[in-house]
Amino acid sequence: MAQAVSPNNTTAANRRRSRTKFTEDQLKILINAFNQKPYPSYATKQRLALEINTEESRIQIWFQNRRARHRFQKRSEPEEHLESSQDEDHPEEKIQSRGDRRCRTSYTSSQLHTLIEAFMNNPYPGIDSRQQLAIEIGVPESRIQIWFQNRRSRCHVQRKREPDEALEQRQDQGKISEVRVQGIETTQNGTDLTSDSYSSGARTRW
DNA sequence: GCGTAATCTAATCAACA
DNA sequence: TGTTGATTAGATTACGC
């Protein structure tokens with residue numbers, strides 16, 4: 001998978017968060033919680049965060065990685081070695097956790113303006129930039145990270161769709177031949193994730 | 001070098017205007 | 001109903017021992 005930040009290009013602006021080192025006691029609590037519920041609700045994650053004195057976002061990442069490791073083990077290990085209680089697919093937990101999500105963050109137009117400006121400047125901000133933005137607009141850093149993820153993702157989708165849409169438009173207008181889509185493709189083909197064009201066709205809220 | 005936290009994309013769910 | 005924040009799986013990167 002393509003990564004935006006090359007290993008040798010680490011600057012203050014794209015530096016990763018330093019690794020969290022969980023203590024034995026913290027891990028005991030986390031593992032115990034995981035064994036009970038691999039898909040904890042937001043309230044549970046918050047409670048755990050409080051209990052082991054860390055951020056809720058770290059709990060979320062820990063559970064994500066833990067589930068991934070479990071799935072991996074499940075695939076690679078012979079079936080008789082599996083611990084039955086923990087290796088179910090846990091569909092009921094998944095369903096339940098959907099009912100207790102974090103409240104949707106609602107950004108003001110000025111917050112969005114700041115985010116978009118930052119995105120145009122750098123679509124892959126490191127921990128320092130994200131924290132700075134978080135302070136600036138008064139939103140947790142984890143929400144900034146999610147916002148950038150969604151924004152990048154939707155930019156990719158939009159860019160994939162644009163040539164098709166241009167074609168459809170031409171067909172709708174009954175304009176035959178000579179109209180070139182090339183221009184659109186070439187200008188969008190670079191690394192310009194920063195374009196706000198992905199929302200330009202639709203209604204914008206900012 | 002290994003274990004694993006952090007990060008990424010893509011798909012999907014779901015709140016809200 | 002479309003937009004977009006939240007969550008997930010799965011893959012990958014890279015930190016810290």
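What you are looking at is a predicted structure, and each value in this text was computed from that prediction instead of being measured. In what follows, chains carry the letters A, B, and so on, assigned in the order in which the sequence lines appear, proteins first and then strands, with residues in each chain numbered from 1.
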- Any side-chain N or O of A/Y124 under 4.0 Å from OP1/OP2 of B/dT9? yes

- Message: What contact category does A/S153 fall into here, base, sugar-phosphate, or nothing, at under 4.0 angstrom with non-hydrogen atoms?
- Response: base

- Task: May I ask you to evaluate whether A/R101 reaches the phosphate of B/dA15, defined as a side-chain N or O under 4.0 Å from OP1 or OP2?
- Result: no

- A/R17 CZ to C/dA14 P, in whole Å, measures 17 Å

- Message: Once you apply a heavy-atom cut-off of 4.0 Å, does A/S106 come out as touching a base, just sugar-phosphate, or nothing?
- Response: nothing

Report, one line per pair, each donor and acceptor closer than 3.5 Å where one atom sits in a side chain of residues 53-63 of chain A; sequence neighbours left out.
unit_1: A/E55; atom_1: OE1; unit_2: A/S57; atom_2: OG; d: 3.4
unit_1: A/E56; atom_1: OE1; unit_2: A/R102; atom_2: NH2; d: 2.3

- Does the side chain of A/Y124 come within less than 4.5 Å of A/N14's, by heavy atoms? no

- Query: OP1, OP2 of B/dA6 versus side-chain N and O of A/T20: anything below 4.0 Å?
  - Reply: yes

- Query: When the nearest nucleotide of DNA chain C is assigned to A/E56 and to A/N65 on a heavy-atom basis, which residue is associated with the more 5' position?
  - Reply: A/E56

- Message: On the nucleotide B/dT7, are OP1 or OP2 found under 4.0 Å from the side-chain N or O atoms that A/R130 carries?
- Response: yes

- Query: Any idea which heavy atoms bring A/Y42 and A/R101 closest together, and the distance?
  - Reply: CB-C, 3.9 Å

- Query: Quick one: side-chain contact (heavy atoms from CB on, under 4.5 Å) partners of A/T23, sequence neighbours excluded?
  - Reply: A/D25, A/Q26

- Under 4.0 angstrom between A/R69 side-chain N/O and B/dA5 OP1 or OP2: yes

- Message: Can you tell me whether the side chain of A/R16 and the base of C/dT13 have a donor-acceptor pair closer than 3.5 Å?
- Response: yes

- Item | Separation of atom OH in A/Y42 from atom C1' in C/dT8, rounded to whole Å | 17 Å

- Task: Would you indicate what A/Q145 reaches in the nucleic acid, counting non-hydrogen atoms under 4.0 angstrom: base, sugar-phosphate, or nothing?
- Result: sugar-phosphate

- Query: Donor-acceptor pair, A/R15 side chain versus A/D128 backbone, under 3.5 Å?
  - Reply: no

- Query: Are OP1 or OP2 of C/dT8 and a side-chain N or O of A/R67 less than 4.0 angstrom apart?
  - Reply: yes

- Should A/R152 be listed as having a side-chain N or O under 4.0 Å from OP1 or OP2 of B/dT9? yes

- Task: Please state how far atom CH2 in A/W147 lies from atom C1' in C/dT3, giving the value in whole angstrom units.
- Result: 14 Å

- Message: I want to check one thing: is the phosphate of C/dA6, taken as OP1 and OP2, less than 4.0 Å away from some side-chain N or O of A/T105?
- Response: yes

- Query: Between atom CZ in A/F63 and atom C1' in C/dA6, what is the gap in whole Å?
  - Reply: 17 Å

- Query: Once you round it to whole Å, what is the distance between P of B/dA14 and CZ of A/R104?
  - Reply: 13 Å

- Message: Expressed as a whole number of angstroms, how long is the span from A/R154:CZ to B/dC13:P?
- Response: 13 Å

Donor-acceptor pairs under 3.5 angstrom involving side-chain atoms of residues 132-141 of chain A: please list them, not counting sequence neighbours.
unit_1: A/E141; atom_1: OE1; unit_2: A/R17; atom_2: NH2; d: 2.4
unit_1: A/E141; atom_1: OE2; unit_2: A/R17; atom_2: NH2; d: 3.3
unit_1: A/E141; atom_1: OE2; unit_2: A/R130; atom_2: NE; d: 2.5
unit_1: A/E141; atom_1: OE2; unit_2: A/R130; atom_2: NH2; d: 3.1

- Item | Separation of C/dT4 C1' from A/R151 CZ (nearest whole Å) | 10 Å

- Item | Contacts of A/T44 that satisfy side chain to side chain donor-acceptor pair (under 3.5 Å) - sequence neighbours left out | A/S41

So which protein N/O to nucleotides 1-3 of chain B N/O distances come out below 3.5 Å?
unit_1: B/dG3; atom_1: N2; unit_2: A/R19; atom_2: NH1; d: 3.3
unit_1: B/dG3; atom_1: N2; unit_2: A/R19; atom_2: NH2; d: 3.1

- List in chain and number order the residues that pass salt bridge (Lys or Arg N to Asp or Glu O under 4.0 Å) with A/R47, two or more places apart in sequence or in another chain; answer none if no residue qualifies. A/E51

- Task: Please report, rounded to the nearest Å, how far the P atom of C/dT4 is from the CZ atom of A/R143.
- Result: 17 Å

